[in-house]
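On a predicted model such as this, the values are computed, not experimentally measured, just so you know.
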Amino acid sequence: AEPIVPWSHHDSTKDCLELLRKEGYRLIAFETAQGAAPLESEFQKTPTALIFGNERFGLSADLLALCDEVRILPLEGVKNSLNAAVIAALAAYEWKKQWNSRP
């Protein structure tokens, strides 16, 4: 998909998030953080950037502070997180499903 999906590289995640905010994106982080809303909470129908951390350390507190909200996929059992690619796919699917269901 790389040749057909617009993309860019940024040396700094912080700089990238600040640029997205200036361009009007709502920033939603996915992290196992205290007070995070469930994945399936209602998304606003606005351009949205879904933010994911790495699988071991997640997102730093300073990056979470730049985001408009934090969401989580509630899990049962001992492990409280999923592979980053898995949660990214689930989050994108839920966002798109909600986007398509609204006028």
Same cluster or not: are Ile28 and Ile87 linked, directly or through other Ile, Leu, Val, Met, Phe, Trp or Tyr residues, by side-chain heavy atoms under 4.5 angstrom apart?
yes
Flag the pair Trp95 / Thr48 as yes when at least one side-chain heavy-atom distance between them is below 4.5 Å, and no otherwise.
yes
What is the distance from atom CD of Glu42 to atom OG of Ser101, rounded to the nearest 0.5 Å?
8.5 Å
Please tell me whether Leu50 and Trp99 are part of a single hydrophobic cluster in this structure, the criterion being side-chain heavy atoms less than 4.5 Å apart.
yes
Check whether Val70 and Leu17 end up in the same hydrophobic cluster, where Ile, Leu, Val, Met, Phe, Trp and Tyr are linked by side-chain heavy atoms less than 4.5 Å apart.
yes
same_hphob_cluster(Ile51, Leu90) at 4.5 Å side-chain heavy-atom cutoff
no
Do you know the tightest heavy-atom contact between Gly53 and Ala84?
O-CB, 3.9 Å
Is a salt bridge present between Glu69 and Arg71, judged by a nitrogen-to-oxygen distance below 4.0 Å?
yes
Point-to-point distance, once rounded to the nearest 0.5 Å, from CG of Leu27 to SG of Cys16
9.0 Å
State the CG-OG distance between Leu19 and Ser12, to the nearest 0.5 angstrom.
11.0 Å
Nearest-0.5 Å distance, CZ of residue Phe52 to CG of residue Asn83:
11.5 Å
I'd like to know whether Leu73 forms a side-chain contact (heavy atoms from CB on, under 4.5 Å) with Phe30, so could you lay out the CA-CA distance, the side-chain angles of the two residues, the decisive distance to 0.1 Å, and finally the verdict.
CA-CA 8 Å; Leu73 177 65; Phe30 287 82; over 6 Å; no
Taking the side chain as everything from C-beta on, heavy atoms only, tell me whether Asp15 gets closer than 4.5 Å to His10.
no
Quick test of your reading of the model: are Lys22 and Glu18 salt-bridged, counting only N-O distances below 4.0 Å?
no
Taking a hydrophobic cluster as the set of Ile, Leu, Val, Met, Phe, Trp and Tyr residues connected by side-chain heavy atoms closer than 4.5 Å, whether directly or through intermediates, do Leu59 and Tyr25 fall within one such cluster?
yes
At what distance, to the nearest 0.5 angstrom, does CD of Glu40 lie from CD of Gln98?
9.0 Å
Taking the side chain as every heavy atom from C-beta outward, state whether Leu39 and Ile72 have any pair of such atoms under 4.5 Å apart.
no
Less than 4.0 angstrom from a charged side-chain N to a carboxylate O is my criterion; do Lys97 and Glu94 meet it?
yes
How about Asp68 and Arg21: do any of their side-chain heavy atoms sit closer than 4.5 Å?
yes
